[in-house]
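Just so you know, ligand 1 is whichever comes first in the structure, and atom 1 is the first atom listed for that ligand.
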Amino acid sequence: MDDRIGLMGFGSYAPARVMTNDDWSKLVDTDDAWIVARTGIRERRFAADDESTLDLAAAAAEKALADAGIGASDIDEIIVATDTPEVYTPDTAAFLQDRLGAGEVPAFDLGGSGCAGFVLALDIARTRVMAGAQRILVVGVELISRLMDWTDRNTCVLFGDAAGAVVVGRGAVEAELLGATSGTDGSRAGILTLETGGTRRPFSLEEAERGGQHDIVMNGREVFREAVKRMSAATEQVLQKIGRMKEEVALIIPHQANLRIIDAVRSRLGVDEDKVFVNLDRFGNTGSASVPLALAQAREEGRIRAGDLVLLTAFGAGFHWSAAALQF
Ligand code: ACO
């Protein structure tokens, strides 16, 4: 009997509307050369006015279910990783359960773990399958364009909207989930945060007047340093956990925040450029959607073959980090 736990279906969705660096230069004091040199991003996708987080999540989820050859009634759990939920309460997973027509199964969001959310959700899904769940839908989705400050050039040019999804289950899997590792350093929580709307700083007229609801606080350099350190270490840790060598890795799919971060992780690990998947030039930083979007695209573009060992590594607000190893 095939008892492996892993990924059975993949899906992704990026909205049609393209926002180029030149488009940004008409709105804030920036230019294509600065953005490309500092981040590697050339364009990103933004949701249409009538699209919501749920629409993005459902589009990716439907593709993942179809790819796995199953229907919504075959899922027995739903996890949605997002920091930009459909509404404040209840969570996006509840809306998604209804939209997909899934059974009355546990459905919950993993919120607040920033760009590490999806890989952390995979780590959790794996243990839930070990505990008896058969098929879990895991979604990473972000609609950041609607919540960020469109006048803050320090942050607005970095992000994009998208969703990615996988089905995690036991049996005939396409990629075995060999292991995962996750961690948190909450002492750095203030370095990348959006405070307004929580109990510390509730919504108020004063907050609204100063645009507090869009107030992403970010120390870019600190985030940069920590992202490199933590994503490299998590990659090494997961390899150690599964007893495999760096040389055996066919492809690393890192969180797509910044090309310089990805290059620094690659050089720390001593890995060749062709072994690292990059799509942030086309999509920017799509938060929790970044890794599943890249994973689905790498597979579609033929960058992953049967027999490949593929590593996912992500880092986000918290700080949180997570890495996972997949054997295709
Ligand atoms: N266009 C033009 N100039 C800009 C822009 C812009 N869009 N944004 C900032 N600048 C200016 C700054 O104001 C600063 O000007 P000053 O020197 O007059 O004060 C100058 O550029 C240099 O700023 P630095 O902060 O030194 O630039 P740096 O090389 O560190 O790059 C960046 C900034 C891209 C934010 C980088 O630090 C970074 O990518 N950090 C990681 C942040 C990140 O990825 N956050 C996403 C969420 S978290 C995550 O996904 C892991």
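For atom 46 (C) of ligand 1, the closest non-hydrogen atom of the protein is N285 ND2, 3.3 Å. The nearest heavy-atom contact from the protein to atom 25 (O) of ligand 1 is R221 NE, 4.0 Å.
No part of A227 comes within 4.0 Å of ligand 1, judged by heavy-atom distances.
In terms of polar-atom proximity, G220 is counted as a contact of ligand 1, with an N or O under 3.5 Å from an N or O of the ligand. Between T39 and ligand 1, a contact under 3.5 Å exists for no N or O pair.
Contact atoms of ligand 1 toward A257: 44 (O), 50 (O) (distance under 4.0 Å to a heavy atom of the residue). Per-residue contacts place V157 under 4.0 angstrom from the following atoms of ligand 1 (heavy atoms of the residue considered): 7 (N). Ligand 1 places these atoms under 4.0 Å from at least one heavy atom of F315: 51 (C). Counting the atoms of ligand 1 from 1 in the order shown, those under 4.0 Å from a heavy atom of D29 are 1 (N), 2 (C). Each of the following atoms of ligand 1 lies closer than 4.0 Å to a heavy atom of R260: 28 (P), 29 (O), 31 (O).
For the side chain to side chain donor-acceptor pair (under 3.5 Å) criterion with S290, the lone passing option out of Q256, H255, E142 is H255.
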How far apart are the C-alpha atoms of D161 and S145, what are their side-chain angles, what is the distance that settles it, and do they pass the side chain to side chain donor-acceptor pair (under 3.5 Å) test? CA-CA 7 Å; D161 302 333; S145 65; 2.6 Å; yes
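Atom 21 (O) of ligand 1 has its nearest heavy-atom neighbour, among F159, W34, F319, in W34.
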